[in-house]
Amino acid sequence: MGLFEQLKDGLGKTKQVFVDKVTEIVTGRKPIDDELFEELEEALIQADAGVDTSLKLVARLRKKAQENKLQEAYELYQVLEEEVTRILTRGEHRLDLEKGRLNVVLVVGVNGVGKTTSIGKLSSILKNQGYKVMLAAADTFRAAAAEQLEIWSRRSGVDIIRQNEGSDPGAVVFDALQAAKSRQTEVLLIDTAGRLQTKTNLMEELKKIRRVIERDIPGGPQEVLLVLDAATGQNALSQAKLFLEAVDVTGVILTKLDGTAKGGVVLGIQNEYQLPVKYIGIGEKTEDLREFEPEAFSKALFS
Ligand SMILES: Nc1nc2c(ncn2[C@@H]2O[C@H](COP(=O)(O)OP(=O)(O)O)[C@@H](O)[C@H]2O)c(=O)[nH]1
Ligand SMILES: [Mg+2]
C-alpha cells in the first residue's frame, strides 16, 4: 500500500460518517434549500466537527451557493471539500526546528492519549532526518512511564535523561537541558505526566517546567505540542481549551485516527482554537506517525 492509500485506509471510519453521509445528502437529487443546509449542518455536527465549526462551514456553503448561483445539491460537494481544505490548511504545520541549535519540544496532554508513544516515534523520525535527538522523562509519577520512554530511546538509538520515580519533573528537565547543551543535542523531546485527577497540580507542574526551559534556553521551548486522542471526539476540544489556558501550545499531535469515526474533530481543533495540527497518528508503528499534510488529508477524506 502506498502512503496515500494508508492514510485513506486510516481515515476510513471518519470518511464513512463524514463524507459518505454528506454525499448521501447532496446526491439525493435535492434542490438547494434550507432543509438541505440543515441536514448538512447536522451531519457535520454528528461527524464531530464541533458546533461552531459546523455552523460556520454551512454559512460559508450558503454564501458560496448564492455567489456562484449553484442550482444542484451535488455541486455543494466540491465547495465543501474546498472549505474543509481551507480550514485544515490554516497555520504553520511544520515544527519550528533549526539545525545547529538546541530546539526544545515540550509534549503535554492527559493520560493515555499517546504522548510517550508519539515522542518515541518522533525521536526516530527526527533522528532519520539528521537531528541529534535526546529524550527527557519528566513524567516521574510512575516508574513505568520512564521505562516506556527508555525502551523507545533504545529502539531509536537516542540518549535519555531520567531520574527516580517521584523526583521533581522540573529537576529532570533542568538536568536534561544541561546534558543537551553539553552534548550538542539539536532536539530535546520532553515527556510529561498527564494525570487529570489533580488538574490544577498538573497545570502548575507544566507551567513550572516551562519556566525552567524559558530561563535556560533563549526562545525556548520552541514547540509545545499538545497530544489529543481523536477517538475522544469533543472531549479533545475541551482538553485543548484547558491546556491552552495553562501553557502556550504551538501545535497538536492528533493520535488514534485509525479506528475512530471521530476524525472530524481535526476541523474543530484547527478552527475553534486556531491550533495547527502538526502530526497525526494512524497506527501503532513508527511510520504511522505522519506529518500532517492538509491537502493530502482532505483528499484522502473526499476521494
Ligand atoms: N491505534 C493507535 N494507537 C495509538 C496511537 N498513538 C498511541 N497509541 C496507543 O495508545 C496507548 C497509550 O499511549 P501512551 O503513549 O502510553 O500514552 P500517554 O499516557 O499519553 O503517554 C498505547 O497503547 C499506544 O500504543 C495511534 O496513533 N494509533
Ligand atoms: Mg506516557
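Not measured: the values here are computed from a predicted model. Excluded from the calculations below are hydrogen atoms, water molecules and symmetry mates; all remaining heavy atoms, backbone and side chain alike, are included. All ligand and atom numbering here is 1-based and tracks the order in the structure. In what follows, residues are counted from 1 in the order of the sequence shown.
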>> Looking at Val19, is its backbone amide N or carbonyl O close enough to the side chain of Tyr77 to form a donor-acceptor pair, meaning the two atoms are under 3.5 Å apart?
In response: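 Judged by distance alone, no pair lies under 3.5 Å.
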> For Arg211, what residues pass the side-chain contact (heavy atoms from CB on, under 4.5 Å) criterion, not counting sequence neighbours?
Replying inline: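 Arg211 satisfies side-chain contact (heavy atoms from CB on, under 4.5 Å) with Lys207, Lys208, Glu214, Arg215 once adjacent residues are dropped.
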Tell me: protein heavy atom nearest [atom], and distance?
{"atom": "atom 17 (O) of ligand 1", "answer": "Gly114 N, 3.0 Å"}
{"atom": "atom 28 (N) of ligand 1", "answer": "Asp258 OD1, 2.9 Å"}
{"atom": "atom 4 (C) of ligand 1", "answer": "Lys256 CG, 3.7 Å"}
{"atom": "atom 19 (O) of ligand 1", "answer": "Gly112 N, 2.7 Å"}

> Between Asp216 and Gln178, is any side-chain donor less than 3.5 angstrom from a side-chain acceptor?
Replying inline: yes
> Counting from 1, what ligand 1 atoms have a heavy atom of Glu284 closer than 4.0 Å?
Replying inline: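 With Glu284 as reference, the close atoms of ligand 1 come out as 1 (N), 3 (N), 24 (C), 25 (O).
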>> Quick check on contacts: which atoms of ligand 1 are under 4.0 angstrom from a heavy atom of Val110?
In response: 20 (O)
>> So for Gly283, does at least one of its heavy atoms come nearer than 4.0 angstrom to any atom of ligand 1?
In response: yes
> Of the listed options (Thr117, Asp229, Leu254, Val113), which comes nearest to atom 14 (P) of ligand 1 when hydrogens are ignored and any heavy atom counts?
Replying inline: Thr117
>> I'd like to verify the contacts: list protein N, O or S atoms under a distance of 2.8 Å from the Mg ion (ligand 2).
In response: Thr116 OG1
> Of Glu82, Glu81, Glu75, which meets side chain to side chain donor-acceptor pair (under 3.5 Å) against Gln78?
Replying inline: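 So the option named by the test is Glu82.
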